Structure formats: structure tokens, C-alpha cells
Amino acid sequence: MSKLRIAFVLGTRPEIIKLSPIIRECRNQAIPHIIIHTGQHYSESLDSVFFDQLELPAPDYNLKAGSQSHGKQTAEMITGIEKILRKESPEHVLVQGDTNSVLAGVIAASKLEMTLGHVEAGLRSFDRNMPEEVNRVLADHASDYLFPPTDQSARLLEAEGITGDHVVVTGNTIVDAVYQNVDLAEQKSTVLEQYDLEPDEFYLLTAHRAENVDDRDRFSGILQGVNELAAQTNLDAIYPIHPRAQQNIEEFGLDIPDRIQLIEPLDFLDFLYLENNSRLIFTDSGGVQEEASILQTPCVTLRDNTERPETIDVGANQLVGTDPSGIVNGATVMMTRSQDWSNPFGDGTAATTILDVIL
Ligand code: UD1
Ligand code: UDP
């Protein structure tokens, strides 16, 4: 059997989506690889639906770490990943992004005889209260190869002393994933009919970040602000809701305002189709900010900071926080802007560049 070249460690929805172009390219080029799934996400709508739709092979291993406290979850993943990496002995390990699954992959792989590559390196919100920021910093400082998506993220790495031939700007693999799927979404998705929506006549909302949905006031501010803008413009907002947010709505006893329709999380093609056809996107997601800028849909980000400042610099996005008046004002500004920016995340060839570098 030929030598195992790459082990992918992944565990959540955005990692499956953003690693999919690299995994697909491995299959095209017959590069021996395995997928180690930590099991951080396990509900069908956050996990297997993406393997099916993106035509990825089933994971070779699933550690079933599930939902636990940060420490317990990460520890269980590290132990499981280490055991598999020792057994399989791949030349390279690739992780993507900033989740606890990434941190676990980083800690396990960086102490073994294999090289570790961090896809989407160099992003910084400069907010250490976010678990994702801690994970990003640790991943970048422990990796052998770093793949910042933009020059700006490479400069942030340089400011932390991470510089050299092992740092390669690649663009973001989300551009590859969007380009590979947007036409398919156009052909296949019936999501507008399903929810009785007209192109450009609705808003799309996603909010799932711990700092927002675990805080009653911030979560309630988001719902009020989006509802107010929707009522003023006589349109509705559709909110495919992450289970973390759904649980907190119940726990906090929050009422869902009239103009917001909650639905189950969507698969990638339906979600892309909604992003592409919505008047404006409200989000606290990292990946959704990027996709909005790629699809030329205006975006307002329901946070006080972003590790995707490129989207703001090109005019595709505005930071509005979670105060209702800020949300209404920001959205009003974004809807009057011309939508002629250039996507700042590359030309959709990140996956091949990353493979060329490590192999
Ligand atoms: C994680 C990431 C976050 C990322 C998000 C992508 C960390 C610290 N956070 O947040 O950066 O933006 O994934 O979606 O790694 N749950 C389910 N089904 C699942 C998974 C989770 O119902 O398949 C529920 C559980 O009640 C769980 C909660 O969602 O307690 C949160 O899950 P967790 O994996 O801890 O974090 P996310 O909020 O998903
Ligand atoms: N996404 C999806 N269905 C949904 C919501 C999001 O397919 O109902 C996709 C979206 O297109 C993006 C990714 O999930 O590629 C973003 O994941 P998420 O917002 O959970 O995480 P983040 O990017 O904030 O880490």
C-alpha cells in the first residue's frame, strides 16, 4: 500500500465545508489520505448532510467526542487523535479554522513526527474572550505550514514573529467551495418555493456564536433589531437556527418576533441559494461573512469585532454589534451601497495551492 500522505482532522460544519475542496482534490489526484472526525458536531443537519452533499468519503474514524465542556471535549479529542496518528503515521496533518477540534488536532500532531498545516491561518479578532481566538493563536504558533487566506492575515502572522517560506498566502478554500457549488445550488435548490420566498424580498439571519446566543440581552437585541428593520421595509427574515441558539431561545424564554421565521439548519446548497438570493444577510458567523462577500450580497455582522476585516475594507460588510438601533442603522446603510466590490479571498484555487505546497 502506498504511504499515507495526509490526515485531515475535522469536527464541525464549517470545517467539513472548507476542507471539502482539498479532500476532493486529494481524491482527484489519488493522494492517499484519511479523515479523522472528532465528533464535535454529530446532528445530521450539522454533519452527515455535508458529507453526502459534497460527495465526501465517510470519515475513516469518528471519535464521537460530542458536546462537553471545553476542557473535557478537547482532552478526549486529543487522546483519540494521538492514538490514530501514531497508528496511521501520515506524513502531514491538516486542520482548518479555529474550533476545539482544530486545537485538539494541533496539540496531538505537533508533538509527533509529522508536519502540521493550518488552513485559514493568521485570522485575529484580538478578543481573547472568544474560545476561537485562543484556538487560532495556538494553532498558528504550533504549525509547520501556515496558509493565511490573504496578505492581511499573513501580515498579522508576521507581527507575531511567524514568517518564512512555510507561510503561504493561498486565498480561502471557501471560495473554491462556493464556486464548486453555486451553479449546482441554482439548478437543484427548491428552498425559495419551500418557504414561500421571492428573490431579493427577504433577509437571511444566522446567529450561533457563544458570545451572542449564550447572553440573553445580546440575543434578544439581535432578534429585536432584525425584526425592526424587517418591519420597516415590509420584508421577512428567515433564520436557519443552530442547535446552540435553539436551546437558548427555550432556556431564556425568548419570544420570536413576527417578522422572523425560524427553520431547521439547511444543507449547503439550500443555504448558498438563500445567501445568493437574499436582500441582505445578518450574521455572526465567520464563514457566512466570507460567503456574502463572494456572492455580492450585502452583510451586517452582529458582533463587536471581526477576524474578517477584509470584508469591511472592500465595502461588503459592516460591524453593527447587537444593539437594535445599531442593527437597523447598519443594515440601512448597507442596502444603499452599490454591490460592486471584489471578493478579497482569492480565485478559488486555494485547495490546489495548499496541496502543491505540502506535497
Ligand atoms: C462550534 C465552534 C464555533 C463554530 C461552530 C460552527 C468551538 C469552541 N466552537 O460552536 O467556533 O463557529 O462550531 O457551527 O469549537 N449541538 C447539537 N448538535 C451537534 C453539535 C452541537 O445539538 O451536532 C448543540 C449541543 O447542545 C452543544 C451546543 O450545540 O452543547 C454547542 O456545540 P459546540 O460544538 O460546543 O459548539 P458550537 O456552538 O457548535
Ligand atoms: N451553513 C449551512 N447551513 C446553515 C447555516 C450555515 O450550510 O443552515 C454553512 C455556511 O454556508 C458556511 C458554514 O455553514 O459555509 C458556516 O458555519 P457556521 O456559521 O456554523 O460556523 P463559523 O463559520 O462561524 O465558524
Side-chain angles (χ1 to χ4, degrees), residues 10-21 37-50 53-54 62 64-74 77 95-105 120 123 125 129-136 138-139 172-178 180-182 185 189 191 204-214 238-248 250-251 262-276 278 281-292 294-295 297 301-303 306-308 345:
L10 50 74
T12 69
R13 169 167 73 185
E15 294 158 69
I16 303 166
I17 294 170
K18 287 177 165 177
L19 283 173
S20 70
H37 195 317
T38 64
Q40 180 172 348
H41 282 179
Y42 46 85
S43 298
E44 198 218 342
S45 61
L46 297 186
D47 178 20
S48 58
V49 70
F50 298 103
Q53 195 167 57
L54 297 167
N62 191 322
K64 298 194 163 54
S67 307
Q68 311 189 51
S69 70
H70 286 271
K72 263 181 113 169
Q73 186 186 52
T74 312
M77 293 180 202
V95 295
Q96 191 285 333
D98 55 19
T99 65
N100 289 347
S101 297
V102 170
L103 178 63
E120 203 179 73
L123 273 62
S125 66
N129 291 318
M130 296 175 68
E132 293 88 354
E133 182 75 355
V134 177
N135 295 344
R136 283 179 204 123
L138 296 174
N172 196 309
T173 56
I174 194 62
V175 183
D176 310 29
V178 169
Q180 285 164 15
N181 290 286
V182 72
S189 178
V191 70
L204 176 62
L205 164 64
T206 81
H208 75 285
R209 291 271 170 189
E211 74 266 21
N212 281 340
V213 304
D214 290 4
I238 189 155
Y239 180 7
I241 191 164
H242 186 288
R244 176 182 211 114
Q246 177 69 54
Q247 274 170 23
N248 287 336
E250 286 150 30
E251 194 177 317
L262 294 193
I263 60 169
E264 291 292 308
L266 294 170
D267 64 35
F268 190 49
L269 293 185
D270 281 347
F271 191 75
L272 268 185
Y273 199 62
L274 281 193
E275 286 181 305
N276 213 6
S278 65
I281 299 173
F282 296 94
T283 194
D284 62 7
S285 157
V288 176
Q289 289 172 67
E290 293 159 352
E291 286 163 355
I294 297 163
L295 295 166
T297 303
T301 293
L302 306 160
R303 289 175 44 189
T306 179
E307 58 292 315
R308 273 92 176 167
F345 296 112

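Order of listing sets the numbers, starting from 1, for every ligand and every atom in it. Everything numeric in this text was worked out from a predicted model, so none of it was measured.
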Could you tell me whether the side chain of [X] and the main chain of [Y] form a donor-acceptor pair under 3.5 Å?
X	Y	value
Asn276	Leu272	no
Glu15	Thr12	yes
Gln73	Gly66	yes
Gln53	Asp267	no
Thr99	Ser101	yes
Glu307	Leu123	no

May I ask you to identify the nearest protein heavy atom to [atom], giving residue, atom name and distance to one decimal place in Å?
atom	answer
atom 16 (N) of ligand 1	Tyr42 OH, 3.5 Å
atom 1 (N) of ligand 2	Phe271 CD2, 3.7 Å
atom 21 (O) of ligand 2	Pro14 CG, 3.5 Å
atom 10 (C) of ligand 2	Glu291 OE1, 3.3 Å
atom 7 (O) of ligand 2	Phe50 CE2, 3.3 Å
atom 22 (O) of ligand 1	Pro243 CB, 3.2 Å
atom 34 (O) of ligand 1	Gln40 NE2, 3.1 Å
atom 13 (C) of ligand 2	Ile17 CD1, 3.9 Å

May I ask you to test the [X]-[Y] pair for a side-chain heavy-atom distance under 4.5 Å?
X	Y	answer
Leu266	Tyr273	no
Ile174	Glu291	yes
Ser20	Asp176	no
Thr301	Arg308	no
Leu262	Gln246	yes
Ser67	Arg244	no
Thr38	Asn100	no

Any Thr206 heavy atom less than 4.0 Å to ligand 2: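 It does not; every heavy atom stays at 4.0 Å or beyond.
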Would you check whether Arg209 reaches within less than 4.0 Å of ligand 2, judged by its heavy atoms?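 So Arg209 counts as touching ligand 2.
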Identify which of [options] has a heavy atom lying nearest to [atom].
atom	options	result
atom 33 (P) of ligand 1	His242, Arg244, Glu15, Arg136	Arg244
atom 19 (O) of ligand 2	Gly287, Ala177, Gly286, Ser285	Ser285
atom 4 (C) of ligand 2	Arg13, Gln289, Lys18	Arg13

What part of His208, side chain, backbone, both or neither, has a heavy atom within less than 4.0 angstrom of ligand 2?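 It is the side chain that touches ligand 2; the backbone stays farther off.
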Please classify the [X] to ligand 1 contact at 4.0 Å (heavy-atom distances, strictly less than): side chain, backbone, both or neither.
X	result
Pro14	side chain
Ser67	side chain
Leu46	side chain
His41	both

Short list, please: which atoms of ligand 1 are under 4.0 Å from a heavy atom of [X]?
X	value
Gln247	25 (C), 26 (O)
Glu132	3 (C), 9 (N), 11 (O)
Ser43	17 (C), 18 (N), 19 (C), 22 (O), 23 (O)
His70	8 (C)

Under 4.0 Å to a heavy atom of [X] - the qualifying atoms of ligand 2, by number:
X	answer
Leu266	2 (C), 3 (N), 4 (C), 7 (O), 8 (O)
Pro240	8 (O)
Pro265	8 (O)

Name of the residue among Arg13, His41, His37, Gln40 meeting side chain to side chain donor-acceptor pair (under 3.5 Å) with Asp47: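 That would be His37; it is the only one of Arg13, His41, His37, Gln40 passing the side chain to side chain donor-acceptor pair (under 3.5 Å) with Asp47.
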Going by heavy atoms, is Asp47 under 4.0 Å from ligand 1?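 Asp47 does not count as a contact of ligand 1 under the 4.0 Å cut-off.
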Assess Gln68 for proximity to ligand 1: is some non-hydrogen atom of it under 4.0 Å away?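 No; Gln68 lies far enough from ligand 1 that no heavy-atom distance drops under 4.0 Å.
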If you compare all heavy atoms of Gly39 against all heavy atoms of Asn62, which two are closest, and at what distance to 0.1 Å?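 Closest approach of Gly39 to Asn62, heavy atoms only: CA-OD1, 3.5 Å.
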For Phe268 and Phe50, work out which heavy atoms get closest and say how close.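 What the structure gives for the nearest pair is N-CE2, 3.5 Å.
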Any N/O pair His208/ligand 1 closer than 3.5 Å: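 In this structure, His208 places an N or O atom under 3.5 Å from an N or O of ligand 1.
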Check: Asn100 N/O within less than 3.5 Å of ligand 1 N/O: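 So ligand 1 has an N or O lying under 3.5 Å from an N or O of Asn100.
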On the 0 to 90° scale, with breaks at 30° and 60°, tag the His242-His208 ring pair as parallel, tilted or perpendicular.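 If you compare the ring of His242 with that of His208, the planes turn out parallel.
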